[in-house]
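Because the structure is predicted, anything quoted here is derived from the model rather than measured. A note on names: the letters A, B, ... follow the listed sequences, proteins ahead of strands, and every chain is numbered from 1.
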Amino acid sequence: MYSEKVMDHFMNPRNVGEIEKAQAVGEVGNAKCGDIMKMYLQIENDVIVDVKFKTFGCGSAIATSSMATEMIKGKTVKEALQLTNKAVAEALDGLPPVKMHCSVLAEQAVKAAIYNYAKENNVHYEELEGFVPDEDHDHHDHEEEE
Amino acid sequence: MYSEKVMDHFMNPRNVGEIEKAQAVGEVGNAKCGDIMKMYLQIENDVIVDVKFKTFGCGSAIATSSMATEMIKGKTVKEALQLTNKAVAEALDGLPPVKMHCSVLAEQAVKAAIYNYAKENNVHYEELEGFVPDEDHDHHDHEEEE
Amino acid sequence: MNRRVYFDYSATTPMKKEVLEEMLPFFNTDFGNPSSIHSYGRQGKTALDIARDKVAKTLNAKSEEIFFTGGGSEADNWAIKGAAFASRSKGNHIITTKIEHHAVLHTCEYLEKEGFEVTYLDVDQYGLIDMDDLKNAIKENTILITIMYANNEIGTIQPIKEIAHLAKEKNIIFHTDAVQAYGNEIIDVHELGVDLLSISAHKVYGPKGVGALYIRKGLRIHPLIHGGAQEKRRRAGTENIPGIVGFGKAAELAYENMEGHINKMETMRNRLIKEIMETIPYTKLNGHPTKRLPGNVNISFEFIEGESLLLSLDMVGIAASSGSACTSGSLDPSHVLMAIGLSHEIAHGSLRLTVGDFNTEEDVDYVIEKLPPIVDRLRQMSPLYEK
Amino acid sequence: MNRRVYFDYSATTPMKKEVLEEMLPFFNTDFGNPSSIHSYGRQGKTALDIARDKVAKTLNAKSEEIFFTGGGSEADNWAIKGAAFASRSKGNHIITTKIEHHAVLHTCEYLEKEGFEVTYLDVDQYGLIDMDDLKNAIKENTILITIMYANNEIGTIQPIKEIAHLAKEKNIIFHTDAVQAYGNEIIDVHELGVDLLSISAHKVYGPKGVGALYIRKGLRIHPLIHGGAQEKRRRAGTENIPGIVGFGKAAELAYENMEGHINKMETMRNRLIKEIMETIPYTKLNGHPTKRLPGNVNISFEFIEGESLLLSLDMVGIAASSGSACTSGSLDPSHVLMAIGLSHEIAHGSLRLTVGDFNTEEDVDYVIEKLPPIVDRLRQMSPLYEK
Ligand SMILES: Cc1ncc(COP(=O)(O)O)c(C=O)c1O
Ligand SMILES: Cc1ncc(COP(=O)(O)O)c(C=O)c1O
Ligand code: FES
Ligand code: FES
């Protein structure tokens with residue numbers, strides 16, 4: 001079902017935990033749907049110097065959280081905003097179709113954290129235009145079938 | 001499906017053939033239903049001294065014909081009229097339920113022969129009262145199920 | 001009776017050794033439920049996917065167009081009821097033929113009770129439908145045409161491609177029961193243009209109790225078995241993994257050597273027909289002389305009845321089949337033999353010999369040797385003979 | 001991961017060796033179609049009769065009340081649609097529960113679209129229906145009650161005898177889905193007084209793709225699969241003889257040692273529940289404490305989600321199951337866990353361990369050893385924990 005990379009990131013997730021004095025914190029998903037992802041970013045000079053996550057969710061949710069943190073660590077905030085769920089999924093050697101939406105959560109969590117950071121620090125990122133942090137991601141309940 | 005006795009009478013039927021100058025000949029069934037039984041009786045002093053049959057039909061039809069001829073050979077006409085399909089079936093160690101009606105044909109064939117004999121010779125057998133030789137035996141098309 | 005020869009491959013086939021071998025691990029080692037996410041379940045899921053690919057390949061279908069069922073009858077029932085109920089708002093008229101398998105015929109009769117209208121097309125003396133009859137039968141409210149690919153009794157093969165073409169032109173769903181044709185004909189669903197096609201594993205050296213329905217991508221029909229999310233939510237029930245794996249293997253084997261198989265069958269079939277017809281008088285070949293299944297022989301013998309013929313053959317070890325109703329205790333002989341215009345008497349004396357992969361020329365010799373005296377013996381006993 | 005332990009017997013079971021051995025000859029030696037009158041066919045017919053007797057005996061039913069199907073889902077669909085359509089002139093109201101298997105639930109939902117009215121009874125926190133609710137739900141036009149014998153997720157056993165009694169009093173057909181109860185409870189159809197009862201072979205160490213429907217003698221329901229004259233004309237399709245033979249053997253074995261089986265299951269089940277609940281905090285046992293299947297453990301772990309729990313267990317070789325929707329990508333967790341009143345969060349963290357005949361106390365030890373650190377690791381990762 002899952003690629004070896006997914007299983008590796010699930011069993012040995014990178015960057016699990018919290019950052020106490022994180023500049024940016026974002027949470028998406030909701031427990032009702034069985035998934036919550038929380039991201040903590042430590043940002044210095046517009047660079048993400050550290051990142052941690054906590055996730056309540058399926059294997060794919062945990063693996064994509066882990067991979068997403070790896071992918072944005074050391075990047076500028078602007079670069080991090082380029083992160084797409086597709087890129088995360090590809091970095092994990094793909095996800096089963098029913099699990100693609102979990103990778104959306106990871107993208108959203110990063111954006112939500114930066115959104116909060118931007119708001120607090122009064123910065124504007126055009127990449128965030130149209131982003132609504134509390135929007136129900138409604139990623140579930142799609143049929144596999146046409 | 002069939003008892004050993006049925007198979008024996010089917011593979012080695014007794015009294016197959018015709019009697020050229022038979023005193024009594026009876027035919028029942030019809031080819032449409034897949035069964036015709038023809039009985040030839042040689043009757044001397046009210047005793048059936050010889051009997052032969054020809055049958056177009058299933059294994060059970062052939063076996064019951066054979067057994068019926070055995071059972072009436074040497075009997076008086078009155079005794080032969082006592083022959084029931086049940087007795088024939090029992091003598092064959094039973095028949096499958098769907099095949100019980102074939103034994104009715106054998107009983108009817110004997111009766112039809114004696115009926116014709118009685119008519120020609122102007123004898124009356126009370127055992128034949130109510131017997132209609134050309135009645136469609138309509139033995140088929142019963143459901144196995146309640 | 002030392003020799004035992006099986007000439008009833010259209011009734012069912014023995015499983016090939018390779019098929020059984022492929023199935024064995026799934027009974028008690030890799031036995032998981034494919035819906036489970038643990039390793040046992042994933043093994044089952046992988047096996048299921050592979051088998052589906054194999055079956056799809058033999059029909060030139062996409063994998064996602066193959067839905068496994070519990071047999072050919074279920075596939076027929078599903079296709080017909082599923083399409084009929086799903087299209088009820090568009091119409092209620094169904095067209096089929098008088099020579100379909102009971103799985104189709106009785107389903108259509110059931111639908112008549114449920115408010116559908118069914119036209120049962122006649123066939124000619126060879127068992128072929130007339131395309132003009134079909135055209136004339138189509139009405140405004142026709143929603144489904146279901147016509148079998150090849151007949152199980154007399155082996156006649158219908159012009160499926162033409163029928164499919166006509167159905168498509170008229171925007172009518174077309175189902176074909178290919179249970180007998182599968183494995184004996186190259187079937188390319190896309191080239192044919194059919195919408196629904198039923199097949200069954202036990203007719204192609206696979207396991208009993210497994211079949212499949214091809215459903216053209218995009219076509220919606222109601223499920224027959226509701227429940228779990230198996231088969232993309234269209235056919236519920238824990239998948240019969242060993243059975244499906246066996247079907248996959250049987251399908252693969254059948255198509256690997258289709259040409260060799262057909263040639264071998266036709267050679268045996270033709271010899272049987274020729275020699276039987278030549279040595280035994282008062283016989284009639286049923287079905288089409290050339291448009292017939294490679295393994296099907298169906299001959300009527302006048303003056304005798306089928307069951308006694310079968311029993312006699314069985315006594316010398318020959319397994320065959322008949323269209324006589326006396327085998328089942330029902331009034332009429334086979335509806336197929338009636339539909340091609342046989343009289344009752346003659347229909348009752350029909351014999352079907354269907355050859356298969358495990359038959360040899362020696363088996364054919366054996367039948368040719370044993371059959372004539374048996375027919376003769378029964379004729380001698382028959383009041384119809386010499387009349 | 002050297003050790004592999006299977007704790008998912010409610011999903012499916014491995015076949016017992018004796019079952020496979022009994023099936024083997026029927027794949028390619030005694031492979032005949034039981035409808036054929038030749039020796040191959042008669043062998044199949046005999047095997048079929050014996051298997052039917054065996055299954056009938058385990059239910060204290062008559063042989064002619066047992067009808068083989070392609071699985072439990074087909075049996076459920078047949079019972080419910082068959083009874084509903086056959087009784088449509090008498091009424092259109094059906095009563096069931098909110099915790100049925102999807103084979104029942106989705107069939108009822110389908111019937112709603114077809115003009116039937118369905119009442120879905122609530123259950124209490126243990127998963128039990130309230131007999132008064134049932135009484136109150138019965139109306140003039142109620143034609144069918146279908147309530148499962150034992151639940152597949154939480155193992156709760158309903159008061160079937162009482163329900164059957166009430167149904168009989170009100171002259172309503174009563175069906176019970178006994179797929180999970182069969183082999184784990186003494187079931188006597190006559191003592192219970194049920195009209196229809198579904199079972200499935202692969203839950204009792206028999207083959208997948210075989211089930212049976214008990215139909216009380218005299219009760220008429222519509223067929224689901226029309227066609228040939230098999231199963232007394234009530235379920236068409238060439239019989240899956242190897243599968244049915246396997247089912248017969250599995251049934252026999254299950255009932256030979258029912259008491260020993262139940263005792264062994266209960267011992268393992270009770271130890272699992274006790275030790276897990278004692279060593280891991282923030283847990284909740286789902287289902288009834290005593291009226292539950294002997295092999296069923298269902299526990300919710302707060303703050304974590306089921307799929308990641310299953311994957312982690314699978315990595316150490318433990319096969320289990322969960323009611324979390326994240327295993328299937330659908331929005332809501334199990335409808336059963338919702339019906340007993342769990343919150344979404346907690347339902348997502350449920351684990352089902354179902355024990356079976358091949359489990360040992362060492363397997364239980366292994367789970368008890370491996371589970372706590374896994375739960376802890378996932379909780380450490382969870383944003384909900386310590387909140
Ligand atoms: C309670 C219940 N009913 C019905 C079924 C369906 O049985 P099958 O998988 O044989 O179709 C199952 C198992 O999947 C079950 O647990
Ligand atoms: C033409 C045809 N259709 C359908 C069936 C039914 O298939 P199954 O026996 O797998 O249900 C058969 C064989 O019995 C058949 O020959
Ligand atoms: S004569 Fe027709 S079944 Fe025996
Ligand atoms: S988080 Fe729900 S399926 Fe992945």
Side-chain angles (χ1 to χ4, degrees), chain B residues 1-2 4 6-18 25-40 52-66 69 95-105 109 136-145, chain C residues 1 102 106 109 282 300-335 337-338 341-351 370 373-387:
Chain B
M1 180 171 70
Y2 287 132
E4 269 176 47
V6 173
M7 286 312 293
D8 175 33
H9 276 264
F10 168 68
M11 289 305 287
N12 311 296
R14 319 329 185 222
N15 311 309
V16 181
E18 299 174 17
V25 179
E27 181 176 311
V28 292
N30 76 60
K32 231 184 118 176
C33 304
D35 40 38
I36 294 180
M37 225 178 255
K38 200 164 177 181
M39 287 272 175
Y40 302 81
K52 297 252 186 241
F53 79 91
K54 282 211 161 179
T55 291
F56 162 77
C58 72
S60 159
I62 289 171
T64 52
S65 308
S66 164
T69 58
L95 287 171
V98 280
K99 292 291 181 178
M100 272 307 285
H101 63 267
C102 315
S103 63
V104 174
L105 274 184
D136 197 338
H137 56 281
D138 194 331
H139 61 284
H140 283 102
D141 208 25
H142 35 199
E143 299 256 331
E144 237 183 273
E145 245 282 305
Chain C
M1 173 198 143
H102 282 138
H106 289 164
E109 287 160 10
Y282 307 113
S300 287
F301 299 91
E302 280 188 69
F303 318 123
I304 63 175
E305 188 278 328
E307 193 206 83
S308 45
L309 183 54
L310 295 190
L311 283 177
S312 305
L313 287 168
D314 188 50
M315 292 305 285
V316 296
I318 299 170
S321 142
S322 161
S324 172
C326 280
T327 59
S328 64
S330 81
L331 185 68
D332 287 314
S334 141
H335 63 285
L337 299 179
M338 293 288 94
L342 295 200
S343 72
H344 278 78
E345 291 88 312
I346 290 176
H348 274 297
S350 75
L351 176 70
K370 292 292 176 185
I374 286 173
V375 170
D376 191 54
R377 188 182 86 92
L378 291 170
R379 283 182 174 168
Q380 294 302 337
M381 256 193 259
S382 170
L384 301 173
Y385 194 50
E386 297 178 327
K387 251 195 181 166

> Considering residues at least two apart in sequence or located in another chain, which fulfil the side-chain contact (heavy atoms from CB on, under 4.5 Å) criterion with B/A109?
Replying inline: B/V28, B/M37, B/M39
> Residues two or more places apart in sequence or in another chain: which of them pass side-chain contact (heavy atoms from CB on, under 4.5 Å) with C/E109?
Replying inline: C/L105, C/H106, C/E112, C/Y120
>> Checking the side chain of B/K54 only, and the main-chain atoms of C/Y385 only, is there a donor and an acceptor separated by less than 3.5 Å?
In response: no
>> Tell me if a side-chain donor or acceptor on C/E305 pairs with a main-chain N or O of B/C58 at a distance below 3.5 Å.
In response: yes
Working to the nearest 0.5 Å, report the span between [atom1] of [X] and [atom2] of [Y].
X: C/L384; Y: B/T55; atom1: CG; atom2: OG1; value: 10.0 Å
X: B/M7; Y: C/S312; atom1: CE; atom2: OG; value: 7.5 Å
X: B/I62; Y: C/I304; atom1: CD1; atom2: CD1; value: 9.0 Å
X: C/M381; Y: B/S66; atom1: CE; atom2: OG; value: 9.0 Å
X: C/R379; Y: B/F56; atom1: CZ; atom2: CZ; value: 11.0 Å
X: B/F10; Y: C/L378; atom1: CZ; atom2: CG; value: 5.5 Å

> With side chains defined as the heavy atoms from C-beta onward, is the minimum distance between C/P383 and B/F53 less than 4.5 Å?
Replying inline: no
> Are C/R377 and B/V16 close enough, and set up right, to give a side chain to side chain contact (heavy atoms under 4.5 Å, CB included), and what steps lead you there?
Replying inline: CA-CA 11 Å; C/R377 188 182 86 92; B/V16 181; over 6 Å; no
>> For B/S65, which atoms come within 4.5 Å of any heavy atom of chain C: side chain, backbone, both, or neither?
In response: neither
